[in-house]
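Here's the structure, in structure tokens; my notes come after.
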Amino acid sequence: MKMLSKILKKQITSTIIALLFGFLVAAIVLAIAGYNPGQAFGALFKGMLSKPKYISNVIIKATPIILTGLSVAFAFKTGLFNIGAEGQYVAGSIAAVLVGVKLNLPAVIQVPLVVLAGVLGGMVFGSVVGFLKAKFGIHEVITSIMLNWISLYLSNFIVSSQAYHLPNSTSTYPVNESSYTMILPKWKTSDAGMAALKPNKWLYEMMLKTDVNVGIVIAILMAVVIWVLLYRSNKGYELRAVGFNRDAAEFAGINVNRNIVQAMLIAGALSGLAGALSITGIAPHKISTLAAFENYGFNGLSVAMIAGSSPIGCVFAGLLFGGLLYGGQSVQQEVGAPTEIINIMIGTIVFFVALTKVVPALAERLEKRGVGHAQ
Amino acid sequence: MKKIVALLLASVMAVSATACSNSSTTSSAASQATSAAESQAEASSTAAKTDFKVAMVTDTGGVNDQSFNQSSWEGLQQFEKDTGAKVSYTESKQESDYATNLDKAADDGNKLIWGIGFAMADAITNAAKANPDINYAIIDNSYENTPSNVTGVVFRAQEPSFLVGYIAGKTTKTNKVGFVGGIKGVVIDQFEFGYRAGVAYAAKELGKTITVDSQYAESFSDSAKGKAIASKMYSNGCDIVFHAAGNVGVGVIEAAKEAKKLVIGVDKDQSYLAPENVLTSAMKLVNKAIELVSKDALEGKQIGGKTYDYGLTEDAVGIPEKHDLMSDETYNAAIALEQKIKDKTITPPANEQDFKTFEASLK
Amino acid sequence: MEVSKEYAVQMHGITKLFGTFRALDNVNLDVKKGSIHAILGENGAGKSTLMNVLYGLYQADAGEIYLNGEKVVIKNPNVAIEHGIGMVHQHFMLVDNFTVTQNIILGTEVTSRFGVLDMKKAREEILNIVKKYGLEVDPDAKIEDISVGMQQRVEILKALYRGAEILILDEPTAVLTPQEIEELISIMHSLIEDGKTIIIITHKLKEIKASSDVCTIIRRGQYIDTVPVADVDEEELATKMVGHAVKLVVDKTPAKPGDVVFEIDHLTVKDDRGLEAVKDLSLKVRKGEIVGIAGVDGNGQKELVEAITCLTRSESGTIKINGTEIQNTTPRNVIEHKVSTIHEDRQRRGLVLPFTVAENMVIEKYRTPEFKRHGMQNREKAQEYTKKLIQDYDIRPAGCENQPVRGLSGGNQQKVIIAREVSNDPDLLIAVQPTRGLDVGAIEYVHKTLVRERDAGKAILLISLELDEVMNVSDTIDVIYDGTIVAEYKQGEVDENTIGLLMAGGKQNENAVQNT
């Protein structure tokens, strides 16, 4: 009994239970809607894992949401709710396109410049939110929702501007090839590259059929960097102190306002990085007219929540989330079930993770009952 | 936000499903079993007919967009019913989904894969290059150099637009009509300038001046904006507004309802949205084109490497027969015009330049 | 004890569990009709829990309740009110911009025919009660315009208006001046003369002696004893409450003040609403001296502390530490000028509750070269440092350096703050309400620490709402009223009554106003 309640109190346990509940609810919904849940889940996992290129695609899809998830998780640890990750992501992609289309330098200079532009784009959007909060006390949720829309329309404005609009399309010009962050994009399609890859079927499929890029390496690296920043650095100590108890931090001589701005700056940079890496790393390497948000940032909110705002957890939550999104397409194709069902499943998982407090409470009740029995 | 919608949908589905199934678990299980059995039976019977598989990948609008994605899926479903081929669809949520969705469709053993919308043009050519033995087709796009396994499908939307423009010109009492576009581009230009030409043609016939107020919503989804623009147009004296703006048009029709003015629908016969206000519609029957091209492919015809250009002649565009809100005379005159377009005595303009030439020729 | 009609309240074998924690374990309470019965215990002993069970806010896991010899089940406060039980909570539940009458009838509005509110009738009834017990409350005054002591009487009125025969007072004297306390005690006596029964929860021994007939002592959820108050002295009560002998008087030698370390000159500070809360205030603190500021809550103490620590702006005047002006700088600058503050609100300002003890220990030091390495935290150093302080200050549980400070008891949380602030080796130590919410044992410890630091040559500024504390610990006693220091005495030169009068706004040497 003690063992059980101990296990139940662990956060990872409640997350796994939440996952199971998510699948259960999705199964019920599938069954009610007249689809075979077993078949649907079969298609889901087959579509995620059955081929090397699928796994590769899961990782590619996960990369931006790991980063936006990190952005949200980091802000959360510093006491801020960064619902603006979406806008910061869009800002990052805009900035990357602005630079990547106009400049055409050797890749060694071009790639860092384009990515840095994206990071700066996200930073600007993030710091505006931080500044308004620090200076005027305007709640970050309000300003970031506003900025999300501003980013969306700014993006559409850039798409329709003379300088960037690709004629006869709804998009901008793609960024120059020297900005690409795929692994060996030219070589792999060349005859020599094909010949070299051919013997290894796995590698051949992964490399040629998907946009294998360096994004995931950067995302994992950032997760580690953010962890070290939060838990080992002096800055992180300040940021967390402000996040947990602003009043005590202020009383202890920590500059609360500066920390709020810095926290939003870093959070914005992470989302901006996600936007930039999407532009440089995956087709179509450009921005198009947006009718609605593409949800990279909002999915980041879910990722951060599933991860319990742990930076390292974001990597796994992002992979899971990316897998569900990508695998969900197969469910639609094979079983014909609408993607809404996948969204319901993801929604349910997030819902139950948000309710994780229930699980430790359950553990407590178990303990109490144990005491009752002892009497 | 989307997730909330999904959850709502789910609850609605759950409610309606339980309502249908007498709310007893055994019966619902039974009905499930029978439906499963049915689908199996269906699957085996179609397998007997043909193993031809067709898939489509939507653009980011999704399959329930009330517009060409939905229309395309309806076409494919009709195709399945007629021929017994197996059809499926995948929705794209993000631009980067195009490539991966096309890739999955290829893995799934499809012989023909549709890309809906010109936004997918590059993704289609890339996929076609990677899978030379699969046919690809794309709606609303023609390539300069069409690969041998790619088929472009375009519509002469200027033709029905010309007809509705003519009807608007004949019907207007204020001598002022409106046009609401989504986002400016080649496809919407067909609608706008076809329409303008039709209005000008009617004006000349009647010997008066009719002005066209044209505005863009810069969106295909923001119906509130559509409503705002149209309301403004009506209060500025327009009595008929034509829209080619996807979901934005829903707002335009709403505005017409509120102002009790006339509106012209697009893509399909939209009179069901407001029977008292929808004068006519410029129909662009994507479903028809999908059916036709898919059938050609099923029958083993060579469809790749070229572009199908659909217009009035192929019955893939047109205006609905129902014409309660206009005089028979006007309708008949429009039908007569339709014949002239088919004869090529009149060629409606598809862009600004052609329109200017056309306008000059009227004088 | 037999169940009998002579007793207004009898609670037998009451047990209450919170999870696995036994808040009350087989507690008995027998309250005679027409008596004032005190319940004495340290913080967290279970006094309030017991009363909340009686008032129906909690359900006991075991035990029975009898009222006037009848067994009752009290499911919720409404049932308690029906049985004639009234409770005055520590925090008043009044609507500020309503009149006294409106507040009292809230929830039990008397209506005449056609549902019209009969305010006249209600007002008359209230006036009757006011006269009967000498409450001296104006039924038409607005709550926001009357003093805290008056507000408390409104709460008592409210209970009486609802027909209370048994009145529970939860820590009623915490917010009152000595004069107001005396008045309260006389009201209590007039109530029992009328046959009412009063249960008073407190941990103040002196008040029990002054007011109560019988006292029940609870310690850590256990019933200890019930004694007639007349038969025991304060030391005995304290020993029973704590479980071992305690010293109630602070042991200290006369102060040997040195140079002036800290000086406030004509300071004016505005509060959140833009009103002047500190007005032209001046004071000095010397080396090796404890200056205590006595005053009723809300007379500018909060704003004074915030101005010193630079959490709020000073409008005019200067604050100097060792001759350097520090007003309107930053909290960090104040700390760097060797001012350490034990804040009254330890959970809001003093600690970051989710942080570990070690992380809390270094919250003012993490930025010093000693505790950082190239922008990284020097965690080993922080651990080592914390371990030593845990040992030096006897913070329990031992070895808690990596536990969240949230899990520590209130007393130990306070020790963490004291250890942190004192180990800063400050020139000026400001202690604001340093013993708030602590039990007798912990209070003794805090006072000893203050005296020890004084003897080590520190300047200490003590700000407290507990007059006893200021009187016992300070070498110099300042009285604050309406934002300014109205009087200053050396310890031993003044008695409690004089100070109490000054705290309430009375003039010096004007003994005529004093209430008896």
Around atom [atom1] of [X], are there more than 12 heavy atoms of other residues, nucleotides or ligands at under 6.0 Å?
X      : atom1 : answer
A:F316 : CZ    : no
A:F76  : CZ    : no
A:F21  : CZ    : no

Check A:A248 against C:V352 and note the closest heavy-atom contact, atom names and distance.
->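 Reported closest heavy-atom pair: CB-CG2, 4.0 Å.
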With only heavy atoms counted, which part of A:L229 is less than 4.5 Å from chain C, the side chain, the backbone, both or neither?
->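 For A:L229, there is no contact with chain C at all, as no heavy atom is under 4.5 Å.
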Side chain, backbone, both or neither: which part of A:R240 has a heavy atom under 4.5 Å from chain C?
->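 Backbone plus side chain of A:R240, per the 4.5 Å heavy-atom cut-off to chain C.
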To the closest 0.5 Å, what do you measure between [atom1] ([X]) and [atom2] ([Y])?
X      : Y      : atom1 : atom2 : result
A:E250 : C:R348 : CD    : CZ    : 8.5 Å
A:Y237 : C:M376 : OH    : CE    : 15.5 Å
A:D247 : C:L351 : CG    : CG    : 12.5 Å
A:R246 : C:R349 : CZ    : CZ    : 11.5 Å
A:F251 : C:I363 : CZ    : CD1   : 10.5 Å
A:K235 : C:K372 : NZ    : NZ    : 10.5 Å

Residue by residue, scan residues 307-314 of chain C and write down, ordered by number, those that have a heavy-atom distance under 4.5 Å to chain A; if none do, write 'none'.
->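 So the qualifying residues are C:T309, C:L311.
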Looking at A:V228, A:N234, A:N245, which has the largest count of heavy-atom pairs under 4.5 Å with chain C?
->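 It is A:N234.
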Please walk me through it: do C:Y366 and A:E238 pass side-chain hydrogen bond (donor to acceptor under 3.5 Å, both in side chains)?
-> CA-CA 9 Å; C:Y366 73 96; A:E238 274 185 21; 2.5 Å; yes
Return yes if some donor-acceptor pair links the side-chain N/O of C:Q377 with the main-chain N/O of A:S233 below 3.5 Å, else return no.
->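 Checking the backbone N and O of A:S233 against the side chain of C:Q377, a donor-acceptor pair under 3.5 Å is found.
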With a 4.5 angstrom heavy-atom cut-off, is it the side chain or the backbone of [X] that approaches chain A, or both, or neither?
X      : result
C:E359 : both
C:R367 : both
C:V362 : both

